[in-house]
Amino acid sequence: MREFDLAYPVVCVFGPIDTGKTTLVDCIKYALGLPVAWREVPEKRLKMVTLFVRIEGMRIGLRRSLVADTRSIELLDGVGGQVEEILDVEAQEDSDRRIVGEVLLDLLGLAEMFAPPSAVALLGAGARLTFEQLYAMCYLTQDLVDGSESVRGKANTAESYRTIVELLLGLTDGPMRVLTARKDELTRTLSELRRRAGTIGEFLTGSAADLEAELARCQGEERDALWSLEEFKGRMRAATAHADPLRRRVQELEQVLERCRRAVADAEHALVRERRQVQRLTEQRHHGPRPLSPCPVCTADLSVRPVPAGDCPLCLSELDSDGLARALQAAQAALAAAEQHAVERAKALGEAQTAWEQARAELDARTREDISPLAAQIELLAAAHATARTRTTMLERELDPHRRLAELYRAVQTAKEELKGVREEVRTRKNLLAGRRVTLGEFEEHFAGLIDAVGLPNAPGARINHSSLLPQVRAGNLTKVGHGVRTAINVVYRMAFLSYALVTGVTDLPSLLIIDSPRKNVGFGQDDQELIGRLYAHFLDHIAGVRSGATRTRPHQIIIVDNDLPKLPKRLLDQMHTIELSREDLLVP
């Protein structure tokens, strides 16, 4: 485990390449919950980072793992080091834990300024500035030291960077942010509403008033047709209910008629059966029994077998002529009874048929006289209602774009009135902030003074771009000058924020500045080394002068990481706390 004490106003960590200097400042960044692209640091060599910081006089600890749960950070008690709370690095779904960046902004007193609740409610997450965007102003990495426009930091867009600088310099405030955001939103909304209104208006023909009048007339016709239709449906229901007893009577007689038909059919079948029986017995009496062949058991031919007269052709037993006569007599009696039964069933069927026909005729007459006219009228009224409804629907569809256009015109007027009010509030707020505009001029003068004191070669005319609030030179952006001069301008630009905060003491500018490898980026020529020496010397002298001349020094810290130190007088070296790393004493063994 390695432990470093960085609790000094100015700290310089120096050593050869690949000794862990950038890893040290990356550890600070990582413990604060920010993303880090580690430079070849294996997990077996660096497993945990613990950072103790002092914010507004309060000491807290932050501990984050590189091998376990990397999405959370332990908030430690600054005295005993006990875990007080678990914080999330980023917002997690279904998690009620606080976000480390939001906690740090709250501790710095910047939460309301960076993310006013009214702005967040108005514009959603897009209105929220993050701790990562603020920290980009405190950490000038190796690739940004020699940058141009990217000196604002990868976490920031041009808009977010300008907003942060304006907030920290007091050129704007939370209410102004809300008003400006609302003004921009209303301007976009008004433009979109006007575009949509123009698009709809191009395709509209005819008068909306005429269409509204026609629609009202058709709606009246539709209501009248519906009222008449419902009236006749009610009369139809009444007429149908009045005919229900007749309908039930017809149904009952149909059931009786069907039973009679089945009974007649059964009687006819029985009559046919009895007639066949009488015919068979009569033939046997007069002509004797018919020969039987083949044998019902073995199928042998029995037609040539001699059968004595009066014997049974099957069993050759003697037939009883008296018994045959009695059987014929019984069959004839049964036939007479069947004929009588068939006559009775036919008579009952005729009576049922007559009763059913009478009931059916009565029902048909009732239907013809009462129900059919109502049904025909209902059909006509239904057709009239459908026609009116179709016409109403067509008119409503035709009127819909007219109505939408009217709604858009009302929305445009509402947006215009609100935009007018917001613009008036913006002007009022600008007047209140107008006195702070001098701050930008003062900051420019402060930056120019630092640049002049460093003595840049060829006097490139470094100044602040009022649009981007980034440094530029007389010839344009920083790509117009060499690497050494560009690096010096970027370093002085970042130093100017800390220096200005210490000089004025009235802004919310960060009091922390980390600069990674300024000397390496300036160059190794004689002129380059003299330039970096002047940069170090002037900055140390300036910071020391600010501290000695102030009655109350604002807490601050500068951490410089470099390959080695320029040649500096002992009085300047004594103003820094130095930590030297070497090949034999690496940060991460």
Side-chain angles (χ1 to χ4, degrees), residues 1-15 18-41 43 45-56 58-67 70-76 78 81 87-90 99-108 110 130-145 153-156 491 494-495 497-498 501 509-518 555-563 576-581 586-588:
M1 182 180 71
R2 296 297 303 272
E3 183 175 331
F4 290 92
D5 184 5
L6 304 177
Y8 298 90
V10 182
V11 179
C12 183
V13 181
F14 66 97
D18 295 333
T19 55
K21 305 182 298 298
T22 298
T23 300
L24 176 60
V25 292
D26 280 347
C27 285
I28 298 174
K29 183 178 180 182
Y30 186 72
L32 293 173
L34 303 176
V36 173
W38 295 105
R39 301 186 180 186
E40 300 181 1
V41 179
E43 295 175 351
R45 297 163 57 197
L46 183 61
K47 297 183 178 181
M48 184 80 70
V49 175
T50 304
L51 173 70
F52 284 93
V53 297
R54 189 174 296 277
I55 302 176
E56 299 296 330
M58 181 174 65
R59 187 172 186 265
I60 63 170
L62 299 165
R63 182 163 61 203
R64 185 179 181 186
S65 172
L66 276 80
V67 295
T70 61
R71 297 185 299 176
S72 65
I73 293 179
E74 296 174 335
L75 179 63
L76 308 177
L87 308 175
D88 282 331
V89 173
E90 296 178 349
I99 311 302
V100 61
E102 295 178 358
V103 172
L104 292 171
L105 284 176
D106 190 47
L107 293 174
L108 290 167
L110 299 177
T130 65
F131 176 74
E132 182 180 3
Q133 292 168 322
L134 173 66
Y135 190 76
M137 295 191 61
C138 305
Y139 182 20
L140 197 58
T141 61
Q142 285 191 48
D143 53 346
L144 297 184
V145 166
K154 295 179 180 178
N156 278 308
V491 172
R494 285 301 180 85
M495 287 179 170
F497 285 109
L498 174 63
L509 288 167
S511 299
L512 170 68
L513 180 60
I514 301 174
I515 304 176
D516 193 350
S517 305
H556 63 279
Q557 185 172 40
I558 303 100
I559 300 175
I560 302 175
V561 175
D562 222 331
N563 291 352
M576 295 189 298
H577 174 73
T578 58
I579 299 175
E580 183 177 3
L581 300 175
L586 301 174
L587 173 68
V588 182

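We count residues from 1, following the sequence as given.
Closest of all the heavy-atom pairs between G20 and L581 is C-CD1, 4.1 Å. Nearest heavy atoms, M137 versus L513: O-CD1, 4.4 Å. When all heavy atoms of L512 and C138 are compared, the pair lying nearest together is O-CB, 3.4 Å. Closest of all the heavy-atom pairs between A136 and G153 is CB-CA, 4.2 Å. Taking all atoms of both residues into account, the shortest heavy-atom contact from V100 to V89 is CG1-CA, 4.1 Å. Minimum interatomic distance between T70 and S65 (heavy atoms only, all atoms of both residues): CG2-O, 3.4 Å.
The shortest side-chain heavy-atom distance between L6 and I579 falls under the 4.5 Å cut-off. Looking only at side-chain heavy atoms (C-beta outward), L24 and I559 stay at 4.5 Å or farther from each other. The closest side-chain heavy-atom distance from F131 to L108 is below 4.5 Å. Two residues are said to be in side-chain contact when any heavy atoms from C-beta on lie closer than 4.5 Å; Y30 and L66 meet this criterion. Using a 4.5 Å cut-off on side-chain heavy atoms (C-beta onward), M495 and I558 make no contact. Using a 4.5 Å cut-off on side-chain heavy atoms (C-beta onward), E90 and R71 make no contact. Proximity of M58 to I55: side-chain heavy atoms (C-beta onward) are nowhere separated by under 4.5 Å. When side chains are defined from C-beta on, Y135 counts as touching I514, because their heavy atoms get closer than 4.5 Å.
Atom CG in L46 sits 10.0 Å away from atom CG in D26 (nearest 0.5 Å). Between I28 atom CD1 and L34 atom CG the span is 11.5 Å, to the nearest 0.5 Å. Taken to the nearest 0.5 Å, the CZ atom of F52 stands 9.0 Å off from the CG atom of L62. Taken to the nearest 0.5 Å, the OG atom of S72 stands 11.0 Å off from the CD1 atom of I99. To the nearest 0.5 Å, atoms NZ (K29) and CD (E132) are separated by 6.5 Å. To the nearest 0.5 angstrom, R59 atom CZ is 10.0 Å from L76 atom CG.
Looking at K21, its side chain does come within 3.5 Å of a backbone N or O of G15 through a donor-acceptor pair. For R64 (side chain) and L51 (main-chain N/O), no donor-acceptor pair under 3.5 Å exists by modelled atom type.
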**OP:** List the steps, then state whether side-chain contact (heavy atoms from CB on, under 4.5 Å) holds for I60 with V53.
**Re:** CA-CA 6 Å; I60 63 170; V53 297; 3.7 Å; yes
